[in-house]
There are 2 protein chains.
Amino acid sequence: MGGAASIKDVARAAGVSVGTVSNVINRPETVGEGTRARVRAAIEQLGYVRDESARQLRSGSSRIIGLLVLDLGNPFFVSLARGAEQAARAAGLGVMVCNSAQQLADEADYLALFAEQRVRGVLLTPADAEGSGAAALRRSGVPFVLVDRLAAGLEACSVSVDDVGGGALAAGHLLESGHRRIAFAGGRHRLQQVADRRRGALQALAGRDAVLLDLEVDGLDVAAGRDAGARLLGMSPRPTAAFCANDLLALGMLQAAFAAGLRVPEDLAIVGYDDIEFAAAAAVPLTSVRQPAEAMGRTAAEMLAEETGPGGAAHRHRQVVFEPELVVRRSTSVVPLPG
Amino acid sequence: MGGAASIKDVARAAGVSVGTVSNVINRPETVGEGTRARVRAAIEQLGYVRDESARQLRSGSSRIIGLLVLDLGNPFFVSLARGAEQAARAAGLGVMVCNSAQQLADEADYLALFAEQRVRGVLLTPADAEGSGAAALRRSGVPFVLVDRLAAGLEACSVSVDDVGGGALAAGHLLESGHRRIAFAGGRHRLQQVADRRRGALQALAGRDAVLLDLEVDGLDVAAGRDAGARLLGMSPRPTAAFCANDLLALGMLQAAFAAGLRVPEDLAIVGYDDIEFAAAAAVPLTSVRQPAEAMGRTAAEMLAEETGPGGAAHRHRQVVFEPELVVRRSTSVVPLPG
DNA sequence: CCGTCGGGATGAAACGATTCAGATCGTGGG
DNA sequence: CCCACGATCTGAATCGTTTCATCCCGACGG
């Protein structure tokens, strides 16, 4: 193997011109039967694989889309990525998954990488509320879909969930269960999703003689949840329930509660957010607000494929908003549920 | 923006030749100070971004590596990917993460995608024991590193963990804790990692008057663990301990045990494998066999960068084997550990 | 027998960057 | 005053593919 075989080698081996080989690959119906077979045999025999960079250079369009998620360590985003990958494959596209880890600098780096690669488009879960990533994309003219965040105005498509409504669902459920002192693990986080969930909770509690106590966190992972849980245990009077901005925090808090000998939900009720698989699998299954992660990823990829595919000129930006759904499990219900 | 600006546009705007622009970008020290500034200004002003596909076509080498993992739903592989991404970035490379979901067909599809993209190299966690993926890579001449699997012979670099040793650690620990009837959730799985862990367990139990009972699973996730747990509960006499091929299975089994009212570890001791973050965060923290996932990913990417970088001709394939480490937690220790 | 038609095949231009052999120019040594 | 030299810059060739204007040729209608 002295370097991969090119289309020229195939042409020579099959005794035809390069144009014909290209036709066999891209428009086989325009090529005579015998020639087609000969070319196919040559391709097979030489192990020829089309060089995508040359194709892209000439045709001007790439076959991969970039997906930049906030945190690959969160199964919610993994599900989202899986959905996107699935839809992309159905559209003949590949996905390049990258992890911004909520760092603006990393986000910018990866967007630059995507720009150099001339990706077909980008699915972005923005790392800040201001939308600097989206602004950069718009400036460079790369089509993009905002994921897990509503696009302001009509600048782009977006796929999101009603986080305010989700927060209200969670807080409303705790309220109905009799709780009046409720902690919110997430505090005044700079992520808009967290702020919206908090706002929804406040709305649900307004005028109901109940109070929401902010627990600041310095991350949205299990360790931060443990830490927040430890702080919650020190509060007095202690909240009787906690609403966590995501399930990772909730799992950490659950662990902190167990470590301190508290019973869940009797001594502390816990509601998470996302309904990741591990929420149901926890020893005390977590009540959580479900987001349709896979559907979100799938929808986003489909919209991008539509926008950047043939006929994309007629594309109108759309905002798809999914409704969250409360899934009640043991962590908030003293009386065991059926099943 | 009528299409992105090319190097030619920059050259025109700066009043120099394209060669000079290229030099400003790639060998700035060879260009006069004034010219350099003028070109830089033009680049800035036009928002020029180098087209990677053209660069790659001419230079022949890509700046991205492909990473194909068995299961992105398993945090172990997410950590591994994170480590790889980190090392790749340090080497100026991008990573394209894909998920074979243990399906040979998907593995082949993604490897074909990588081949078309002419990726710099591939990090592969093989989906079968026979190594058909590796064979395909060798045939197409793409450099690759086997991850989480020892490379037979000297065909390639590999980064793996001593799974036989890890299995022995887990079983040995259960043996020391007094268990004699031990279930193995994983059964005779086609994945080599699972088979090796089972073999290690058998070795540890050999001649010790203990028995290993296979529990077949049709997946390596939480749901499969729940299922295996349900079956375990029906066995009689019931095993007093279970060794699970990974932590997801263990978490599922833990949940099944709780659902049936069993106490862990008093009625059933459980050992997992991988030591993912959720293992420690479970309500009954899981004893597990730790694998250094991030270090594995990092090492693999570094080896690939070395092999495919300048001076790669002198590269000799190496097999790096990490040692697993037993992490004992509540799920196997009746007497609570300090801390 | 001629003109046309159309299926099949051809060959060269074009995409955007890199690279390298040369051109240009100011300078200092001889 | 001439020449070699280094520093700088130029222009064209090149990478592998797609695309399109042509060309070839046998068949068919007139």
- Between B:S59 and B:T20, the residue closer to the 5' end of DNA chain D by nearest nucleotide is B:T20

Rounded to whole angstrom units, what separation is found between the [atom1] atom of [X] and the [atom2] atom of [N]?
X: A:E52; N: D:dT18; atom1: CD; atom2: P; result: 9 Å
X: A:I7; N: D:dT17; atom1: CD1; atom2: C1'; result: 6 Å
X: B:K8; N: D:dA13; atom1: NZ; atom2: P; result: 14 Å
X: B:L57; N: D:dT17; atom1: CG; atom2: P; result: 9 Å
X: A:Q117; N: C:dA17; atom1: CD; atom2: C1'; result: 14 Å
X: A:Q56; N: D:dT17; atom1: CD; atom2: P; result: 14 Å
X: B:D51; N: C:dA14; atom1: CG; atom2: C1'; result: 14 Å
X: B:Y48; N: C:dT18; atom1: OH; atom2: C1'; result: 10 Å

Quick check for you: among [options], whose closest atom lies nearest to any side-chain atom of [X]?
X: A:R50; options: C:dT10, C:dT18, D:dT18; result: D:dT18
X: B:R58; options: D:dT18, C:dA9, D:dA13; result: D:dA13
X: A:V18; options: D:dT10, C:dT10, D:dT18; result: D:dT18

Describe the nucleic acid contact of [X] in one word from base, sugar-phosphate, nothing, applying a heavy-atom distance below 4.0 Å.
X: A:V16; result: sugar-phosphate
X: A:G19; result: base
X: A:V31; result: sugar-phosphate

- Message: If the condition is side-chain hydrogen bond (donor to acceptor under 3.5 Å, both in side chains), which residues does A:E85 pass it with, not counting sequence neighbours?
- Response: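 Expected list: B:Y110.
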
- Query: Taking only residues two or more places apart in sequence or in another chain, which ones pass side-chain hydrogen bond (donor to acceptor under 3.5 Å, both in side chains) with A:D106?
  - Reply: B:R89

- Compare side-chain N and O positions of A:S22 against OP1 and OP2 of D:dT18 and report whether any pair is under 4.0 Å apart.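 For D:dT18, OP1/OP2 do have a side-chain N/O of A:S22 under 4.0 Å.
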
Nearest 0.5 angstrom please: [X] [atom1] to [Y] [atom2], how far?
X: A:L123; Y: A:M303; atom1: CG; atom2: CE; answer: 10.0 Å
X: A:M96; Y: A:L68; atom1: CE; atom2: CG; answer: 10.5 Å
X: B:R316; Y: B:E307; atom1: CZ; atom2: CD; answer: 10.5 Å
X: A:K8; Y: A:R12; atom1: NZ; atom2: CZ; answer: 8.0 Å

- Message: Working note: B:S140 + A:V49, criterion side-chain contact (heavy atoms from CB on, under 4.5 Å); need CA distance, chi angles, decisive distance, verdict.
- Response: CA-CA 9 Å; B:S140 60; A:V49 177; 5.8 Å; no

- For DNA chain C, what residues of residues 33-42 of chain A have any heavy atom nearer than 4.0 Å?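 Residues of residues 33-42 of chain A that come under 4.0 Å of DNA chain C are, in numerical order, A:T35.
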
- Message: Using five pairs at each end of the helix from C:dC1-D:dG30 to C:dG30-D:dC1 to define an axis, what is the angle between those two axes, to 10°?
- Response: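 Taking the rotation axis at each end, their angle is 60°.
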
- Query: Taking B:R318 for the side chain and B:V159 for the main chain, is one N or O donor matched with an acceptor at less than 3.5 Å?
  - Reply: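 Not a single qualifying donor-acceptor pair exists.
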
- Message: Taking A:G66's backbone N and O only, do any of them form a donor-acceptor pair with A:R120's side chain (distance below 3.5 Å, no angle check)?
- Response: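 Not a single qualifying donor-acceptor pair exists.
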
Atom pairs, N/O to N/O, protein against nucleotides 22-27 of chain D, distance under 3.5 Å?
none

- Please list, by residue number, the residues of residues 23-30 of chain A whose heavy atoms come closer than 4.0 Å to an atom of DNA chain D; answer none if no residue qualifies. A:N26, A:R27

Test item: side-chain donor near acceptor, [X] and [Y], under 3.5 Å:
X: A:E294; Y: A:S79; answer: no
X: A:H317; Y: A:E155; answer: no
X: B:R118; Y: B:Q56; answer: no

- Query: Going through the distances and angles, do A:V161 and A:V321 end up as a side-chain contact (heavy atoms from CB on, under 4.5 Å)?
  - Reply: CA-CA 5 Å; A:V161 180; A:V321 180; 5.9 Å; no

- How far apart are the C-alpha atoms of B:V122 and B:L111, what are their side-chain angles, what is the distance that settles it, and do they pass the side-chain contact (heavy atoms from CB on, under 4.5 Å) test? CA-CA 8 Å; B:V122 172; B:L111 291 180; 4.2 Å; yes

- Query: Under the side chain to side chain donor-acceptor pair (under 3.5 Å) criterion, do A:D148 and A:Q193 qualify, and how do the steps go?
  - Reply: CA-CA 8 Å; A:D148 201 24; A:Q193 288 90 319; 3.0 Å; yes

